[in-house]
Asks: 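I have a structure here, written as structure tokens, and I will follow up with some questions on it.
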Amino acid sequence: MQGSIHSIETMGTVDGPGLRYVVFTAGCPLRCKYCHNPDTWDIKNGKQMTVDKVLDDYEKYRPYLKNGGITVSGGEPLVQLEFVESLFREAKNRNIHTCLDTSGATFTNVGKRHETFIKLAEVTDLVMLDIKHIRTDGYYDLVKGNLNETLDFLKFLSKKNIDVWVRHVIVKGYTYKKEYLYELGYLIGGFRNIKAIDVLPYHVMGASKYDAMGIDYPLEGMDPMPKENAIKARQVIEAGIAKRLQDDKQKWLAVLIQNTANHFLYSIFVFVKKV
Ligand code: SF4
């Protein structure tokens, strides 16, 4: 099985736990306005590599990666779903920790492709899921994609009990709004498999690539987001999570009380019948 690989980073420090061997696949169906890797969009921009070629290269760095593993990022790795599944399956055979860095774009709950997602889940240790916007219309406006694919993928990962780290980029005028951040937190609070949240401030690195490619940079003139704003955003997200946990606890208590009451009524009924 061959994949189209844009590039490889042998000592990644921000793409999962520990030091990581990061494979950036080529091809992405989204067009995030802040994308700093537009050169990964076209699947034809990659170099063909087999699963064994990638993993044999990994072996050269294995001693340094013992607390890490392999991460597949992009582009959007799910564009090459079969390749990622094969790569992770062989990585697990070689006892390598696997992490998928994705937006969930192209996920589907139906058909043959879904069966491949089920196989991929068997060999994935961790997913870094980029939730780019919490509202359907805002999502489309910012990245030209379908939010449902991301959320359906999150539900799928929850059912499969796969750990998720959520990533969220804050962009002025798009995602950096209190109500959106709170809603995001409220959503996250409903998933027990989400283990971490990474709030990333918008930056302008990569903007020069647009010039080189002869295309307009959609956020031209926008200043980078200060780190302090990411801290504030995180606090709002955490407030949303706390509210969701509280609501779920109350719902759970309400169900428990209702079940107990039903059981009590049933006991009375049985008792009356016996009498
Ligand atoms: S998902 Fe967005 S940020 Fe990532 S490569 Fe695609 S367009 Fe760029």
Side-chain angles (χ1 to χ4, degrees), residues 3-9 12 14-16 20 22-47 71-81 83-84 87 99-108 117 120 124 126-154 156-157 164-176 180 184 197-220 222 224-225 230 233:
S4 176
I5 309 302
H6 175 270
S7 51
I8 287 173
E9 191 182 336
V14 294
D15 297 290
R20 318 278 314 174
V22 189
V23 179
F24 295 92
T25 56
C28 183
L30 301 186
R31 290 295 176 268
C32 304
K33 286 186 174 164
Y34 53 77
C35 180
H36 53 271
N37 287 320
D39 46 330
T40 64
W41 290 346
D42 188 346
I43 197 166
K44 294 200 279 301
N45 270 353
K47 178 173 116 186
T71 296
V72 179
S73 183
E76 172 48 69
L78 296 181
V79 167
Q80 300 186 58
L81 179 62
F83 171 73
V84 178
L87 180 66
C99 172
L100 174 67
D101 178 14
T102 176
S103 67
T106 78
F107 176 75
T108 174
F117 272 106
L120 175 64
T124 303
L126 173 70
V127 173
M128 300 180 78
L129 184 65
D130 193 350
I131 304 180
K132 292 170 181 288
H133 200 294
I134 195 60
R135 299 246 180 117
T136 308
D137 49 352
Y139 192 90
Y140 185 78
D141 179 43
L142 184 62
V143 307
K144 293 285 174 285
N146 179 356
L147 174 62
N148 285 339
E149 291 177 342
T150 306
L151 299 185
D152 286 348
F153 190 46
L154 177 57
F156 170 78
L157 295 170
V164 171
W165 293 5
V166 167
R167 276 180 161 174
H168 187 63
V169 179
I170 47 166
V171 190
K172 192 176 162 198
Y174 290 93
T175 54
Y176 190 58
Y180 296 165
L184 176 65
I197 311 153
D198 200 5
V199 182
L200 304 163
Y202 163 75
H203 64 73
V204 291
M205 276 185 288
S208 58
K209 290 184 185 171
Y210 287 77
D211 280 344
M213 290 171 69
I215 49 176
D216 291 336
Y217 180 56
L219 300 182
E220 188 64 60
M222 186 182 283
M225 180 72 81

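Order of appearance sets the numbers: ligands from 1, and atoms from 1 within every ligand.
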Asks: Taking the side chain as every heavy atom from C-beta outward, state whether Pro77 and Leu100 have any atom pair closer than 4.5 Å.
Replies: yes

Asks: Specify side chain, backbone, both or neither for Asp130, according to which of its non-hydrogen atoms lie closer than 4.0 Å to ligand 1.
Replies: neither

Asks: Just by modelled atom types, is the Cys99 backbone N or O under 3.5 Å from a matching donor or acceptor in the Thr124 side chain?
Replies: no

Asks: Is any side-chain heavy atom of Leu129 less than 4.5 Å from a side-chain heavy atom of Phe153?
Replies: yes

Asks: Could you tell me which atoms of ligand 1, counted from 1 in the order shown, lie closer than 4.0 angstrom to a heavy atom of Cys32?
Replies: 1 (S), 2 (Fe), 3 (S), 7 (S)

Asks: Which atoms from ligand 1 have a heavy atom of Thr40 less than 4.0 Å away?
Replies: 5 (S)

Asks: Trp41 heavy atoms, cut-off 4.0 Å: which ligand 1 atoms fall inside?
Replies: 7 (S), 8 (Fe)

Asks: Can a salt bridge be assigned to the pair Asp39 and Lys209 using a cut-off of 4.0 Å between side-chain N and carboxylate O?
Replies: yes

Asks: So if I count the atoms of ligand 1 from 1 in the order they appear, which ones are less than 4.0 Å from some heavy atom of Gly75?
Replies: 5 (S)

Asks: Can you tell which part of Cys28 has a heavy atom less than 4.0 Å from ligand 1: side chain, backbone, both or neither?
Replies: side chain

Asks: Take every heavy atom of His36, measure it against each atom of ligand 1, and state whether any distance is under 4.0 Å.
Replies: no

Asks: If you look at every heavy atom in Ala26 and Asn45, which pair is closest and at what distance?
Replies: CB-C, 4.5 Å

Asks: Looking at atom 8 (Fe) of ligand 1, is there an N, O or S atom belonging to Cys35 that lies under 2.8 Å away from it?
Replies: yes

Asks: May I ask you to decide whether Asp130 forms a salt bridge with Lys132, counting only side-chain N to carboxylate O separations under 4.0 Å?
Replies: yes

Asks: Can the ring centroids of Tyr174 and His133 be said to lie less than 6.0 angstrom from one another?
Replies: no

Asks: For ligand 1, note which part of Glu76 has a heavy atom under 4.0 Å away: side chain, backbone, both or neither.
Replies: neither

